[in-house]
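Down below is the structure, laid out as structure tokens.
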Amino acid sequence: METTRTTIERLGDYVGQTVTLSGWVYNSRASGKIAFIILRDGTGNCQCILEKNEQAESYFAEMKKLPQESSVELTGVVSKEARATGGFELKVEHATLLQKAQDYPITPKPHGVDFLMKKRHLWFRSQRQWHILRIRATIIDEIRRFYNDRGYVLIDTPLFAPAAGEGSQTLFKVDYFGDPIYLAQTGQLYLEAACMAHRKVYCFGPTFRAEKSKTRRHLTEFWMVEPEIAFSDLDELISVAEEFVCSITQRVLKDHRAELIELGRNIEELEAVKAPFHRITYSEAADLLHSDKAKALLDNDLVEKTARVTELDAKIEELEAVAKGGGKQWQKDKAAAEAIGCREERTELREQITNIPRHMELAAGFEWGSDLGGSDETIISRLHDRPIFVTHYPKQVKAFYMRVDRDDPRVVQGFDLLASQGFGEIIGGSSREEDYDRLVARIKEEKLPLEDYEWYVDLRRYGSVPHGGFGLGVERTVSWLCGLKHIRETIPYPRMMGQCYP
RNA sequence: UCCCCGAUAGCUCAAUUGGUAGAGCGAGCGGCUGUUAACCGCUAGGUCGUAGGUUCGAGUCCUACUCGGGGAGCCA
């Protein structure tokens with residue numbers, strides 16, 4: 001039987017016509033004489049209807065009880081159908097089974113993270129994961145376009161790097177023909193050299209950190225885009241970063257509004273991501289942490305979360321009474337299922353509540369000269385409705401290459417961008433020290449091996465100019481824009497401390 | 001490296017002060033022509049993470065370990 005082959009995303013062009021779809025059984029429901037198969041073909045989902053009649057005799061019985069993720073080809077007439085997910089429906093007239101799947105482990109019911117992470121190779125077939133990875137692809141596309149359209153030259157920096165990074169305890173050591181070498185944690189130093197050749201450059205690729213962090217915002221392998229601009233000052237760098245983040249946000253809103261809503265992202269919060277972002281100095285950030293506003297925020301959190309736990313306690317008790325009571329079986333089951341959801345929320349809240357006093361202490365006891373911690377960043381960003389730049393950090397908490405502020409030598413001209421809604425840092429950048437003597441002095445001060453940096457110092461010998469750049473973490477950006485709780489969902493195969501399978 | 005929490009059926013979770021291990025989903029069988037995490041009936045499915053200890057009796061209490069989750073530090 002020869003029919004038109006097409007994909008689900010193009011079904012709108014074929015209403016009333018007979019077409020063939022190929023894909024996987026995402027879910028199915030069947031009664032005696034009718035079956036509904038939700039077909040997933042990689043471009044979308046479509047409900048396919050099979051009726052038990054003479055022409056279906058050869059395949060109906062088999063198709064109606066196919067396990068999840070079995071691969072099939074279905075031929076039928078396309079119709080518009082408001083009741084079906086996706087808006088279209090296929091009334092099947094012919095069906096071919098390609099492979100009957102074995103028991104598929106990921107059911108339409110909830111699963112735990114540990115389980116899903118071990119099934120990552122299957123997990124990203126699920127709707128939610130499918131949406132996230134598509135948004136990631138769009139973000140990466142926008143990143144490339146942004147720089148290509150503005151005359152930046154792509155410079156690929158090495159992944160194998162000699163020790164010359166920012167401190168070797170956070171680097172992965174690799175055996176390089178018998179000598180130690182490290183996986184790059186940034187392309188920046190190489191990029192600085194390239195920007196003296198091409199003026200505006202960027203690199204984009206994976207980067208590696210051996211930090212022993214087990215948190216929802218850390219990966220050991222992640223993607224970072226780093227622009228580097230000659231003849232720039234701090235203000236210009238911040239403006240570029242601002243325009244860049246706005247352009248990514250606008251693009252995602254334009255291309256993925258439906259997916260964002262599906263993911264539960266608050267669209268208004270994203271629409272508020274417009275220039276100008278807030279700009280405060282590190283010293284102002286420190287004052288903010290000591291302020292009543294910060295204390296009130298956490299006090300309020302504590303009250304609200306404690307109240308919610310009490311509310312949940314009562315609700316759980318109530319639901320359990322229903323579950324054990326004399327109602328209909330399905331009512332009891334529903335109550336039991338709801339109780340599980342409430343318990344989950346309660347566990348999470350309790351954990352947050354135990355952390356609040358700690359975070360309050362850290363904020364209130366914050367001392368000028370130390371770096372902002374994760375909880376501090378969360379507080380600062382939650383006190384603002386748009387992303388916020390924090391600038392002029394004390395030089396001792398930042399890398400040796402950052403340009404010392406000529407008016408206040410205690411600080412460097414560096415900046416971080418904290419995403420809104422408490423998602424924390426997504427960009428770190430700075431003006432680089434262009435003065436030969438100052439740079440060498442800083443290298444010595446940090447007790448770094450000067451001989452490893454000879455080539456880097458060369459850049460200050462031959463036509464040194466003010467320059468700088470920044471790095472944006474792709475996964476943290478995806479996490480923020482999609483409103484995800486955990487970074488592990490933002491990359492196809494996450495690599496975290498203690499996790500690298502599959 | 002440190003702090004907190006957890007580990008019970010293939011999956012998600014229950015088990016009232018220590019007293020005979022349960023439910024839903026999934027799987028198998030049967031029923032149902034418009035389902036939306038479909039529904040209804042039946043069946044199978046367990047060395048309660050590992051090793052010790054307390055006790056007449058331990059899923060439940062104690063100790064150590066393993067693995068996982070969250071957080072601190074560090075960072076994008």
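Worth saying up front: this structure is predicted, and the values here are computed from it rather than measured. Each chain gets a letter, A, B and so on, in the order its sequence line appears, and its residues count up from 1.
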Candidate nucleotides [options], ranked by approach to the side chain of [X] - the nearest:
{"X": "T215(A)", "options": "G73(B), G34(B), C29(B)", "answer": "G73(B)"}
{"X": "R358(A)", "options": "G71(B), A76(B), G69(B)", "answer": "G71(B)"}
{"X": "K212(A)", "options": "C29(B), G26(B), G73(B)", "answer": "G73(B)"}
{"X": "N355(A)", "options": "G69(B), A76(B), G71(B)", "answer": "G71(B)"}
{"X": "E211(A)", "options": "G73(B), G70(B), C74(B)", "answer": "C74(B)"}
{"X": "T107(A)", "options": "C29(B), G26(B), C75(B)", "answer": "G26(B)"}

Between [N] and [X], is there an OP1 or OP2 to side-chain N/O distance shorter than 4.0 Å?
{"X": "R216(A)", "N": "G71(B)", "answer": "yes"}
{"X": "H111(A)", "N": "G26(B)", "answer": "no"}
{"X": "N27(A)", "N": "A38(B)", "answer": "yes"}

If you look at every strand shown and take non-hydrogen atoms under 4.0 Å, does [X] touch a base, only sugar-phosphate, or nothing?
{"X": "R217(A)", "value": "base"}
{"X": "S375(A)", "value": "sugar-phosphate"}
{"X": "S213(A)", "value": "base"}
{"X": "E89(A)", "value": "base"}
{"X": "L472(A)", "value": "nothing"}
{"X": "H359(A)", "value": "sugar-phosphate"}
{"X": "G373(A)", "value": "sugar-phosphate"}
{"X": "Q47(A)", "value": "base"}

Work out how far the [atom1] atom of [N] is from that of [M], and round it to whole angstrom.
{"N": "C32(B)", "M": "A14(B)", "atom1": "P", "answer": "38 Å"}
{"N": "U20(B)", "M": "U35(B)", "atom1": "C1'", "answer": "42 Å"}
{"N": "A27(B)", "M": "A9(B)", "atom1": "C1'", "answer": "12 Å"}
{"N": "U54(B)", "M": "U8(B)", "atom1": "C1'", "answer": "22 Å"}
{"N": "G6(B)", "M": "U63(B)", "atom1": "P", "answer": "13 Å"}
{"N": "U66(B)", "M": "G31(B)", "atom1": "C1'", "answer": "48 Å"}

Next on the checklist: Rounded to whole Å, how long is the line connecting atom CZ of F115(A) with atom C1' of A7(B)?
Outcome noted: 16 Å
Next on the checklist: Is the terminal nitrogen or CZ of K398(A) (NZ for Lys, CZ for Arg) located under 6.0 angstrom from the six-membered ring centre of Y393(A) and within 45° of that ring's axis?
Outcome noted: yes
Item to check | Sub-4.0 Å heavy-atom contacts from residues 30-41 of chain A onto RNA chain B, ordered by number | outcome: A30(A), S31(A), G32(A), K33(A), I34(A), F36(A)
Checklist outcome for this item: In numerical order, the residues of residues 411-420 of chain A whose heavy atoms come under 4.0 Å of RNA chain B are none
Next on the checklist: For a quick check, tell me whether the side chain of R29(A) and the base of C32(B) share a donor-acceptor pair closer than 3.5 Å.
Outcome noted: no
Next on the checklist: Going by the rule side chain to side chain donor-acceptor pair (under 3.5 Å), which residues pair with E489(A) if we only count those two or more places apart in sequence or in a different chain?
Outcome noted: R128(A), Q129(A)
Item to check | E425(A): partners by side chain to side chain donor-acceptor pair (under 3.5 Å), with sequence neighbours left out | outcome: none
Next on the checklist: For a quick test of reading the model, state the closest non-hydrogen atom pair linking Y26(A) to R125(A) and the distance between them.
Outcome noted: CE1-O, 3.9 Å
Checklist entry - Given that both pair distances must be under 3.5 Å and the pair must be Watson-Crick or G-U, what runs of three or more consecutive pairs involve RNA chain B? => result B:1-7 with B:66-72, B:10-13 with B:22-25, B:27-31 with B:39-43, B:49-53 with B:61-65
Item to check | H467(A), Q413(A), E433(A) screened by side chain to side chain donor-acceptor pair (under 3.5 Å) with R403(A), the one that passes | outcome: Q413(A)
Item to check | Any pair counted as salt bridge (Lys or Arg N to Asp or Glu O under 4.0 Å), so long as it reaches residues 356-369 of chain A, sequence neighbours left out | outcome: none
